[in-house]
Amino acid sequence: MTLLSVPLIDIAPFRNGSPADRAAVAAAVDAACRDIGFLVISGHGVPERRLAQIGDVTRRFFDLPIEEKLRVRRPAPDVSRGYVGIEGESVGRSRDAAVTTGDLNESFMIGPVDLPDPDYAGSAAAGTHFAPNLWPEEPAELRRIYCTYYRAMGDLAALLMEIFAVALELPDDYFADKIDKPISRLRVRNYPEPKVAPLPGQLRVGAHSDYGSLTILATEDRPGGLQVCNADGDWVDVPIVPDAFVINIGDLLARWTNDRWVSTLHRVVNPDAGDVAGSRRQSVIFFHNPNYDAEIRCIPTCVDPGTEPRYEPITSGAHLRRLFVATQNVA
């Protein structure tokens with residue numbers, strides 16, 4: 001079966017239902033991850049007010065003068081913290097090294113807000129995965145709202161990884177010890193109304209797949225939005241459903257599942273010339289990433305007897321750092 005659209009799945013029965021309910025949700029998730037790698041979830045338990053709060057405070061941050069935003073600029077290409085200006089990144093370069101145009105968005109990033117054991121977080125092997133977060137002075141409540149949202153997304157990601165384990169015919173807690181010290185990132189992106197025509201091939205976000213285990217996205221229904229490339233090679237608009245999250249699996253989960261599940265190309269397109277007015281949009285994106293030392297090795301249920309896995313084992317941290325650095329534009 002080839003999906004022409006992104007499915008909507010209510011995960012509340014997995015959270016609150018019987019074993020049969022949990023199995024049914026897991027089966028629906030498995031089908032979506034096999035076919036298109038994207039789904040929209042409702043019944044997630046995150047209060048709508050939490051989305052409204054982070055959306056409002058994020059808009060006020062991006063409305064600050066550029067001088068203020070640069071006070072918390074990203075300190076180095078391998079440190080995924082702080083502010084990145086418009087055209088400061090080319091995520092399409094993670095798939096195509098020939099990409100030269102910068103993406104037409106600005107962003108702000110934080111990492112873990114509750115650090116694990118200091119010996120683990122501060123070890124040489126940890127690198128910059130637990131680098132300090134950079135907090136702007138204004139809006140004053142941004143730090144509190146972001147920390148609350150980050151923790152809520154961490155809990156939701158852990159639930160989704162449990163659903164994934166059931167879908168892959170594994171024990172419910174299969175992933176638990178691999179994601180108990182995650183190096184996840186919360187990234188907010190602002191896509192301003194275009195003032196000039198884009199360069200040839202330049203997009204709000206170039207075609208790419210996400211790098212980690214899974215992504216949780218909250219965004220707005222505005223012109224110039226998210227598209228997914230389905231198995232037929234067609235670009236499909238992702239539906240924006242009120243009080244729902246867009247979920248997609250990333251490269252690490254595709255490696256873990258030996259490509260049973262697909263880490264799908266997606267992009268954010270520019271608004272049509274006639275839709276520029278009112279096309280500003282924001283995205284709040286939680287990139288869930290396993291512990292930096294988690295070994296990403298083919299899951300036993302995802303390889304047929306007598307065959308070899310498609311990928312060599314790799315650690316989560318090494319994989320993520322390589323791809324993030326490759327996509328940064330350094331002035």
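Remember, it's a predicted structure, so these values are computed and weren't measured experimentally. Each residue takes its place number in the sequence, starting with 1.
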Do [X] and [Y] sit within salt-bridge range, that is, some charged N less than 4.0 Å from a carboxylate O?
| X | Y | answer |
| --- | --- | --- |
| E106 | K69 | yes |
| D172 | R22 | yes |
| D251 | R255 | no |
| R60 | E141 | yes |
| R189 | E89 | yes |

> Between Y150 and F286, what is the ring plane arrangement, given parallel below 30°, perpendicular above 60°, and tilted in between?
Replying inline: perpendicular

>> Check the orientation of H129 and Y292. Use parallel for under 30°, tilted for 30 to 60°, and perpendicular for over 60°.
In response: parallel

Hydrophobic cluster membership, with links at side-chain heavy-atom distances under 4.5 Å among I/L/V/M/F/W/Y: are [X] and [Y] in one?
| X | Y | answer |
| --- | --- | --- |
| I285 | L203 | no |
| L134 | I66 | yes |
| I247 | V46 | yes |
| Y174 | L214 | yes |
| L199 | L104 | no |

> Which residue, L8, V40, D221, L226, forms the side chain to side chain contact (heavy atoms under 4.5 Å, CB included) with P239?
Replying inline: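 So, applying the side chain to side chain contact (heavy atoms under 4.5 Å, CB included) to P239 and each of L8, V40, D221, L226, only V40 qualifies.
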
Check whether any side-chain heavy atom of [X] lies under 4.5 Å from a side-chain heavy atom of [Y], and answer yes or no.
| X | Y | value |
| --- | --- | --- |
| F175 | S213 | no |
| Y146 | V113 | no |
| W261 | R34 | yes |
| I296 | P313 | no |
| W235 | R267 | yes |
| V91 | D103 | yes |

Identify each donor-acceptor pair in which a side-chain atom of residues 299-309 lies under 3.5 Å from a protein atom, sequence neighbours left out, and give them as a table.
| unit_1 | atom_1 | unit_2 | atom_2 | d |
| --- | --- | --- | --- | --- |
| T301 | OG1 | L168 | O | 2.9 |
| T307 | OG1 | D304 | N | 3.4 |
| T307 | OG1 | D304 | O | 2.6 |

Spell out, as yes or no, whether a donor-acceptor pair under 3.5 Å connects the side chain of [X] to the backbone of [Y].
| X | Y | result |
| --- | --- | --- |
| R143 | W135 | no |
| S184 | N289 | yes |
| N133 | P112 | yes |
| S123 | Y120 | yes |
| R204 | P192 | yes |
| H44 | D243 | yes |
| H319 | Y211 | yes |
| N258 | R310 | yes |
| S279 | P223 | no |
| S263 | S209 | no |

> What do the steps show when you test Y311 against D259 for side-chain contact (heavy atoms from CB on, under 4.5 Å), and what is the final call?
Replying inline: CA-CA 9 Å; Y311 302 102; D259 289 337; 2.7 Å; yes

>> Restricting to side chain to side chain donor-acceptor pair (under 3.5 Å), what partner residues turn up for D275, sequence neighbours left out?
In response: none

>> I want to know whether F61 and F108 have ring centres closer than 6.0 Å.
In response: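 Yes, the ring of F61 comes within the 6.0 Å limit of the ring of F108, centre to centre.
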
>> Between T264 and N248, is the side-chain contact (heavy atoms from CB on, under 4.5 Å) condition met? List the steps.
In response: CA-CA 8 Å; T264 309; N248 64 279; over 6 Å; no

>> Checking side-chain hydrogen bond (donor to acceptor under 3.5 Å, both in side chains) between N190 and each of R280, Q282, R281, which is the one that passes?
In response: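 Single pass found, and it is R280.
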
> Atom CD1 of I314 and atom CG of L252: how far apart are they, to the nearest 0.5 Å?
Replying inline: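 Going from CD1 on I314 over to CG on L252, the span is 7.5 Å.
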
